[in-house]
Amino acid sequence: MRGLAVASPLPPAAAAARRWTRASSSARETGSQCWKYDLSQDRSLGGSLRIGQSQGCLHKHHSTNLLRPAAAISVEQDEVNTYLPKGDMWSVHKFGGTCMGTPQRIQSVADIVLGDSSERKLVIVSAMSKVTDMMYNLVHKAQSRDDSYMIALEEIFEKHMAAAKDLLDGEDLARFLSQLHSDVSNLRAMLSAIYIAGHATESFSDFVVGHGELWSAQMLSYAIKKSGAPCSWMDTREVLVVKPSGSNQVDPDYLESEKRLQKWFSRQPAEIIVATGFIASTAENIPTTLKRDGSDFSAAIIGSLVRARQVTIWTDVDGVFSADPRKVSEAVILSTLSYQEAWEMSYFGANVLHPRTIIPVMKDNIPIVIRNMFNISAPGTMICRQPANDNGDLDACVKSFATIDNLALVNVEGTGMAGVPGTSSAIFSAVKDVGANVIMISQASSEHSICFAVPEKEVAAVSAALHVKFREALAAGRLSKVEVIKGCSILAAVGLRMASTPGVSAMLFDALAKANINVRAIAQGCSEYNITVVLKQEDCVRALRAAHSRFFLSTTTLAVGIIGPGLIGGTLLNQLKDQAAVLKENMNIDLRVIGITGSSTMLLSDTGIDLTQWKELLRKEAEPADLANFVRHMSDNHVFPNKVLVDCTADTSIASHYYDWLKKGIHVITPNKKANSGPLDRYLKLRTLQRASYTHYFYEATVGAGLPIISTLRGLLETGDKILRIEGIFSGTLSYIFNNFEGTRTFSDVVAEAKEAGYTEPDPRDDLSGTDVARKVIILARESGLRLELSDIPVKSLVPEALASCSSADEFMQKLPSFDQDWAKQRSEAEAAGEVLRYVGVVDAVNQKGQVELRRYKRDHPFAQLSGSDNIIAFTTSRYKEQPLIVRGPGAGAEVTAGGVFCDILRLASSLGAPS
C-alpha cells in the first residue's frame, strides 16, 4: 500500500469539479497556468487556493493564500505542432523509492538512463525512499491537529535540500531549491488550513502527497541534463487521466490520456522525458493517485501510450523468484514469465507486480523486465506474452510457488444443498454483505458441501452472517453445519503450461504427501494457470519447500542427521563426502548433512555441513551434545522438506526414540539392532506406524552389514513365497574365528588375533556370548511373521561359565587359554567326522522358534567354505526348498556396514522420488 489512507471520502465528481476551477483571465495573463481550489465550496475550509506553474503566481482570494505546486494541472494547451512518435524507438524505465533513495542512487539512475541506447526514453520515478509515507503522515498529523506536522514538513524539506546539494550545482541547484522553497511554503499554508478545518478531502491529500514524485523527477532531470543530454520532466497529472473504479482503485482513460500526452509532447519534444509516477488527475482535473503500486502502474500506462519496445522496472532484487526467498533459501531467479503467470503470482502474494500493472502492457504485447539497479549485470526476469518452452520438461511447467497466510476455511455442508439453485448465490451474497474477501472457493461435484477461504480477521463476521442467513435451513436440518477452520494457509503452484502437461498435479501432491503434509481443500480452474491447496498454517513453509524442492531442486533433496560419528558413522560421512557430487549430477539426489552428534558434542547447520572438513568443524565449532535439541533442529528445519536421522550407535536409549521421530515426519535409518530386537510390543508399534504413514524406517544393516538380507527376505514374502527356515552365520567376528580355528592353532590365539585386527568388540565376550547373533535371529524371525521375544531364543554362549564373571576384558583374555584344550577336543572330533565347527543362528518358521548354537557341517557344505569374516545366510522356502537361496559376503567391518547404511539412504531417496 502507498502510505497512510486519509479518512476523507472522495467528493462526488460534480462537486469536486466545482471546487477545482481555472483562475481568472487576469491571472492567466501573467503567463501562468493557474488552478484554483474554491474553498468556499468546502464548508470546512473557507476561501480558495490557487495553484500555478510560473514563478510568482501567488494570489490572494478571500484573504487566503493561493498555493502553487511544483507544476500545474493544465487543460488549455497550445496547438499541436510536433507529432508524438510511437513504437520501438521508446524504452520506458521505472525507478522506485529505493532506487531514488539517496543522491548517489539518483546519479546511478541517471547513468543507467544515459547508458540506454534507445532512441527515446521515458523514465518514471517514485518519490525518494519513505517520502510518500512521510507526506501521508503530514496530512494525518495536520487533520489530527498535531502541531508536530510543521516539524515533519521541515524534515522533508531538509531531506530534499540535502539531496539536491549533493547531486546538483550552479544554476540547476538554485532553480531546484527556489522551487522547493516555494512548494514547501505553499504546503505549509495548505496544511495549516487542514489543521484548522480538522480534516482533508481525498483530493487535498493526494495533492499534498504527490509532491514527493514532483521533486524526485525534477532532481533526476537536472542530473541527466548535467551530462549534456536533452531532457524534460513531466508532471503526469497533466497527462494521465483516470476514473475511480471502486475498491480504492482507478482505471486509466487511455483515449484522453493519449490526447493529453500528444499535446504535452508538442510543447516539449525531448528525447529523454522524466515523468512522475503514482500521481494523475481525474477527468474533472482533480489531483489523484494511482493507489497501490502506482508508480509501476504509471510506467505500464505510459509504455502503452507510446507503444514502447519494453518497460523495465528497476528494483533491488535480481528478478522474480520461484518462491519467497525468505522462506525458501533455494529459490531461483526466473528468466521469463508469461503475463498470466505474473498475474497469478501477484494475486497469491508474490512480490512481482500488482495485477493492474500488467493490463496496459498486456494489451499491446509490451514486455516488462524486472531488473536490479544494484546488480546491473543480472539479466532479470522478462514478463511477456508466452515464453518459449525451453526444454518441455514436466518440472518447467510450474514456474513458481506462492503462499497466503492467516486464512480461515469456511465449510457449509448439508444434504439439502444438493441440486438446490441459488444456494451458492445466497452464501456469497451474505459474505459480500459483510465486506469479506473470498480468496478461494472449492465445491464437491455432489453439491453436498461448499468451502471457501477468507482472511482470518473477517471469518467471525462471515460465520455470523451465514448463521443468520441460513437459520431456518440449519434448524430444519437441510444444512448440517457452518464450520470454521482457523489457522489455514494457501499454497499455489503457478504455471502457464500446466494445462497441457499431464502429471503436474500428481507431482505436487506426491511431494506434499511425502513431506507428511495434509491437504484440507483443493481448487483449480479449467485454465490450470494455478493449482491451489489449503493446509494448516504451521505446515505452510514446510509444504512450500517440499513443493519447490520437487520442481526446482534435485529430484530428491534429503537433509541427513548423523548420530554417532564413531567408526561406522565416521566412515559413512566419508562415503557421503566422496559420492555426494556424483549422486547430484547423475541421479538428481542432493544429500545435505545438517547435523552430526556424538555423546559429548554436536555440530549443526541449516543448509549443510562441509563434509570435506567435518572432523575439524566438529572439533572447533561444536556445541555440547543435546539429543532433544539435535532432533528439534532436524524437525524445525524448513529448508529441506525430507529429513532422515541415521543412528550409527548401538545405544538402546537412542533406539527408543525412533517412534517419536517417525511421528514427527522424520525418516529413520539405522544399523542399530536394539529397536527391532527389543520388546515385541514396541517393535510392532514401530512397524505399524511405519506402514501407516509416508515416513520410512530402513534397517538393512542390522543383520548383514552391507549384505541384502532384509531386502531379500522381504522380496520373497512380498512375492508370495513362504519362509520355511532361515539358517546362517550372522557374525563376521565368529565367522573369522572359526574359519581360522584349524590345524594346531589354539582357540585363545585366534580370538586374540581377531581382537587385534579389530573384528571383535573391545570385550570379546560381547561377541562370544552369542547375544548379537540372537538379536539378528529375532529380527529375521519377526520379519518372517513370528511373534517372538528375544528371551524366546535359546543361545549357546561360547564364553566359558567360569570366565563370565571376569572383571575386565584383559582378565578374560589372560584366562581364556586355560580352556584351549576343551576347544581343541571339539575341533578334533569334528575333523574326524569330516566336519567343521560353525556358530549359527536358525529361524525355524515351520515350528515358530529360533535358536543360536555351535554346529558341525560337512566340508562340502556352503557354510564350511567361508573365508575371512564372511557371512552366509540360507533361505529355505516353498520355492527354494531343494536348493536354498544363498546370500554370502563380508558381514563385518566399518566400510561394508557404512555401505549398507548408505544403500538404505539411497533406497529412501528412491522412495521419495529419485530415479532408481
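Predicted, not measured: the structure shown is a model, and the values here were computed from it.
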Where [X] and [Y] come nearest, the two heavy atoms and their spacing:
{"X": "Glu256", "Y": "Asp253", "value": "N-OD1, 3.1 Å"}
{"X": "Ala223", "Y": "Gln107", "value": "CB-OE1, 4.2 Å"}
{"X": "Val369", "Y": "Pro379", "value": "CG1-O, 4.0 Å"}
{"X": "Val494", "Y": "Glu344", "value": "CG1-CB, 3.7 Å"}
{"X": "Trp233", "Y": "Gln268", "value": "O-OE1, 4.4 Å"}
{"X": "Lys141", "Y": "Ser148", "value": "NZ-OG, 3.0 Å"}

Given side chains that start at C-beta, do those of Asp206 and Arg237 come closer than 4.5 Å, heavy atoms only?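 The answer is no, as the side chains (C-beta and beyond) never meet within the 4.5 Å cut-off.
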Side-chain contact, heavy-atom cut-off 4.5 Å: Lys94 with Ser126? yes
Which of these, Ile383, Asn530, Ile359, sits in a side chain to side chain contact (heavy atoms under 4.5 Å, CB included) with Trp343? Ile359
Of Val125, Thr276, Asp183, which meets side chain to side chain contact (heavy atoms under 4.5 Å, CB included) against Trp215?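 For Trp215, the side chain to side chain contact (heavy atoms under 4.5 Å, CB included) test succeeds with only one of Val125, Thr276, Asp183, which is Asp183.
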Residue pair Lys584, Asp590: steps toward the salt bridge (Lys or Arg N to Asp or Glu O under 4.0 Å) verdict: CA-CA 5 Å; Lys584 188 170 184 178; Asp590 188 3; 3.7 Å; yes
Is it true that, when you exclude Lys130 itself, more than 12 heavy atoms of the residues, nucleotides or ligands shown sit nearer than 6.0 Å to its NZ?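 At most 12 heavy atoms, drawn from other residues, nucleotides or ligands, come within 6.0 Å of this atom.
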Crowded around Glu158 CD? As in, over 12 foreign heavy atoms under 6.0 Å?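 Counting neighbours around CD of Glu158, more than 12 heavy atoms of other residues, nucleotides or ligands fall under 6.0 Å, so yes.
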Tell me, with the steps shown, if Val332 and Phe321 meet side chain to side chain contact (heavy atoms under 4.5 Å, CB included). CA-CA 5 Å; Val332 298; Phe321 283 91; over 6 Å; no
Given Asp405 and Lys327, is the salt bridge (Lys or Arg N to Asp or Glu O under 4.0 Å) satisfied, shown in steps? CA-CA 13 Å; Asp405 293 328; Lys327 298 178 180 178; 3.5 Å; yes
Evaluate side-chain hydrogen bond (donor to acceptor under 3.5 Å, both in side chains) for Lys363 paired with Ser304, printing each intermediate quantity in order. CA-CA 8 Å; Lys363 67 186 182 68; Ser304 174; 3.1 Å; yes
Check the orientation of His93 and Phe95. Use parallel for under 30°, tilted for 30 to 60°, and perpendicular for over 60°.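 Ring orientation of His93 relative to Phe95: parallel.
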Taking the six-membered ring for Trp, is the centroid-to-centroid distance between Phe157 and His181 below 6.0 Å? yes
